[in-house]
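These figures come from a predicted structure and were not determined experimentally. So you know, we letter chains A, B, ... as the sequences are listed, proteins then strands, and number each from 1.
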Amino acid sequence: MHWADYTAQRLSGRGGAQVAASGITPSGQFHIGHLREILTAEMIHRACLDAGLDSRYLFIVDSMDPLRRVYDFLSSDYGRYIGHPLAYVPAPGPDGELGDGTTSYAEHFLAPFIDALRTIGVKPEVVMNHEAYQSGAFAHSIDLAIQHKEEIRELIEEISGREVPEGWFPYNPIGSDGSLDGVRVTGYEHPRVHWVDGHGVEGSSDIRKGEGKLPWRIDWAARWGIHGITCEPAGKDHGAAGGSFDTGIPISHLLGGDPPEKMVYEWIQLKGMGPMSSSAGLTIGPMEALDLVPPEILRYVIARSKVNRHIDFDTGAALFETADEYERLVANPPSSSEEDMSKRQRVAMETQLGAVRLSQVEIGGDPTDSVGGVSFRHLAMLAQIKTTDEGVWESLQRSGHLEGEPSQTLSGRLARMRTWIDGPHFPEGARIVIQTEVGDEARANLSDEHRGFLSELAGAISDSEWSNMAIDDCIRGVSDEAGIAKRQAYVALYWVLLDRSHGPRVASIVAEMDRGDFLALLEDA
RNA sequence: GGGCCUGUAGCUUAGUCAGGUAGAGCGCCGGGCUUUUAACCCGGUGGCCGGGGGUUCGAAUCCCCUCAGGCCCGCCA
């Protein structure tokens with residue numbers, strides 16, 4: 001059974017309406033890792049719906065969280081906004097310069113991410129956390145937290161093993177300069193929290209009006225109750241023993257809530273990406289990833305992995321293989337008709353089918369609608385050999401992959417594939433580089449028999465018609481005359497053309513080449 | 001120092017919760033396709049389940065120890 005279905009099953013035991021949620025701080029550019037946070041929760045939500053449960057999916061944007069520091073992509077002018085809730089910080093301009101404030105920092109980074117989510121079929125109910133504070137939704141929880149101040153302090157100290165500092169207060173008011181930092185609480189008279197800020201200015205905040213916030217560990221616990229959240233997968237950082245999940249659960253009870261079960265997902269790592277490295281500034285965002293592979297593949301990357309396994313997100317060969325794995329699964333789904341299937345095989349099959357189901361952009365979508373009918377590997381090859389899309393379709397029609405006109409799915413795939421090929425993320429192993437001179441490795445691997453064939457071919461092909469068919473006839477004819485095994489003839493050509501022992505149809509490659517260039521290569525051998 | 005996750009065929013991994021003869025995909029190798037391929041179809045190869053010890057009739061699975069990789073323990077989400 002797929003993990004999302006399993007979780008849905010557990011949630012059904014809990015009864016009532018299900019609310020799956022994610023929470024992300026919009027402190028900067030969203031990246032591919034955030035997709036796991038979102039999709040883990042969203043897939044559970046979908047699984048709940050599929051199980052006939054009443055379910056909603058919430059995306060809580062931590063817009064009330066303060067700007068922590070001046071990130072590298074921000075101008076130093078942002079220094080004065082440190083400690084300010086992100087909803088009240090002006091969005092940066094293109095070069096990180098301080099914006100005019102028409103758009104908030106939080107909105108600025110959120111908007112493109114929401115667009116990307118829509119493309120992958122995620123349509124969350126978006127909750128801006130600062131609005132929740134402004135609306136007074138937190139007021140009751142804040143009041144309870146203040147009343148239970150000492151119990152909460154004990155819980156945090158006991159569970160996290162951390163000492164809560166003197167003067168700690170379970171509500172952090174915004175000071176006179178708009179910052180949450182350095183504000184000391186001096187008293188509480190419902191609904192106002194009195195304080196003195198770092199400048200020595202005194203004031204008071206109305207807990208019903210977004211004039212302050214709960215500290216994270218309490219904020220999280222409170223929102224579970226406020227929104228009736230029944231499931232919120234959290235990153236492994238929250239999951240550490242004594243982490244915010246462990247303190248959140250008892251705090252939530254204290255605030256009258258019924259917290260979700262602890263669920264922790266592993267990170268997506270950018271390891272093993274070859275030329276990609278964060279230090280080189282070459283990270284990948286969801287939008288960028290969507291330029292390369294279709295949304296269902298991006299979903300499948302998450303769906304196919306168990307929640308507690310880390311994912312090496314690799315825009316190179318691994319993504320290639322994942323995409324082809326998806327194609328195979330959809331085109332040729334495991335069949336349940338086998339009676340002699342073992343229990344394990346059956347479970348594995350159900351899990352795979354679940355992963356495909358949850359990878360669909362539209363809920364309940366037919367996976368076969370998203371199938372291209374061609375492996376990514378093959379398409380990548382054709383896209384490199386054929387300069388025009390028409391050429392690709394013709395080749396696919398000849399090879400039987402395609403009947404009639406290409407579907408929208410397929411032409412979309414080709415467009416993305418061309419982007420991928422032209423970009424820095426394309427796997428080098430799949431790149432077809434036509435040599436301009438014979439490579440060292442090729443030279444080392446060419447036998448006398450190979451050379452003899454190549455030189456004969458040079459003579460024969462110099463006045464051959466320059467078409468796929470004619471070139472192929474010529475190659476086959478010469479190999480017969482030269483008495484070389486066909487296989488060896490092609491091996492020789494692959495070495496010369498690609499500096500490899502094998503490759504795509506030789507004639508297809510040669511037909512796209514300039515005759516002079518090809519002859520020069522043959523003679524160079 | 002404390003804790004969490006992971007370690008199964010060359011690669012990605014299922015199976016670990018409820019012990020019962022190690023499964024899959026890719027790759028690779030071979031064959032077929034009267035067109036060669038990185039297409040397509042068929043077949044095959046491949047694993048002292050990180051290591052050691054223990055419990056058991058029986059351990060990838062439970063217990064202890066150990067090695068390796070990743071991550072968390074700053075009101076930071």
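- In this structure, CG of A:Asp324 is placed 8 Å from P of B:C40, rounded to the nearest angstrom.
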Practice task
Check the pair A:Trp3, A:Tyr265 against ring-ring contact (aromatic ring centres under 6.0 Å, His included), reporting the backbone distance first and the verdict last.
Solution key: CA-CA 12 Å; A:Trp3 50 260; A:Tyr265 64 85; 10.0 Å; no
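- Projected onto RNA chain B by closest heavy-atom contact, A:Gln384 and A:Trp267 fall at different nucleotides, the more 5' of which corresponds to A:Gln384.
- Centroid-to-centroid, the aromatic rings of A:Phe453 and A:Trp495 stay 6.0 Å apart or farther.
- If you take atom P in B:G43 and the same atom in B:G25, they sit 10 Å apart, rounded to whole Å.
- A distance of about 13 Å separates the C1' atoms of B:A60 and B:G20, rounded to the whole Å.
- The ring of A:Tyr88 has its center closer than 6.0 angstrom to the ring center of A:His130.
- For B:U66 and B:G1, the P atoms lie 11 Å apart once the distance is rounded to whole Å.
- One atom, CZ of A:Arg69, and another, P of B:A77, lie 13 Å apart when rounded to the nearest Å.
- The side chain of A:Glu266 lies closest to B:G70 when the candidates are B:G70, B:G25, B:U37.
- Distance CG (A:Asp246) to P (B:C73): 13 Å, rounded to an integer number of Å.
- Rounded to whole Å, the distance from CZ on A:Arg328 to C1' on B:G27 is 11 Å.
- A:Leu329 comes within 4.0 angstrom of nothing in the nucleic acid, heavy atoms only.
- Between B:G46 and B:G23, the distance separating the two P atoms is 13 Å to the nearest Å.
- The OH-P distance, from A:Tyr265 to B:U6, rounds to 17 Å in whole Å.
- With P as the reference atom, B:U61 and B:U56 are 16 Å apart, rounded to whole Å.
- Between the C1' atoms of B:A24 and B:G47, the separation comes to 13 Å (whole Å).
- Rounded to a whole angstrom, the distance from the P atom of B:A38 to that of B:G31 is 13 Å.
- Ring centroid separation for the pair A:Trp195 and A:Phe169 does not come in under the 6.0 Å cut-off.
- The base-pairing partner of B:U35, taking Watson-Crick or G-U wobble contacts with both distances under 3.5 Å, does not exist among the strands shown.
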Problem - Under 4.0 Å protein heavy-atom contact, by nucleotide of nucleotides 13-21 of chain B - B base, S sugar-phosphate only - result: SSS----S-
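- Side-chain rings of A:His34 and A:Phe30 approach one another, their centers coming within less than 6.0 Å.
- Annotation: A:His108 is not in aromatic contact with A:Tyr105 [ring centroid separation under 6.0 Å not met].
- Comparing A:Phe169 and A:Arg431 along RNA chain B, the residue whose closest nucleotide (by nearest heavy atom) sits nearer the 5' end is A:Arg431.
- Rounded to an integer number of Å, the gap from A:His378 NE2 to B:C40 P is 7 Å.
- Under the Watson-Crick or G-U wobble criterion, with both distances below 3.5 Å, B:C28 is paired with B:G44.
- Going from atom CG of A:Leu214 over to atom P of B:A77 covers 12 Å, rounded to whole Å.
- The pair A:Asp62-A:Lys213 does not count as a salt bridge, with every side-chain nitrogen at least 4.0 angstrom from each carboxylate oxygen.
- Counting non-hydrogen atoms under 4.0 angstrom, A:Val164 reaches a base of the nucleic acid.
- Taking only side-chain nitrogens and oxygens, A:Asn308 never comes nearer than 4.0 Å to OP1 or OP2 of B:C4.
- Across the protein-nucleic acid pair, A:Glu321 atom CD and B:G25 atom P stand 14 Å apart, rounded to whole Å.
- For A:Tyr78 (side chain) and A:Leu67 (main-chain N/O), no donor-acceptor pair under 3.5 Å exists by modelled atom type.
- For A:Phe109 and A:Phe113, the gap between ring centers reaches or exceeds 6.0 Å.
- For the C1' atom pair drawn from B:C28 and B:G10, the interatomic distance equals 9 Å after rounding to whole Å.
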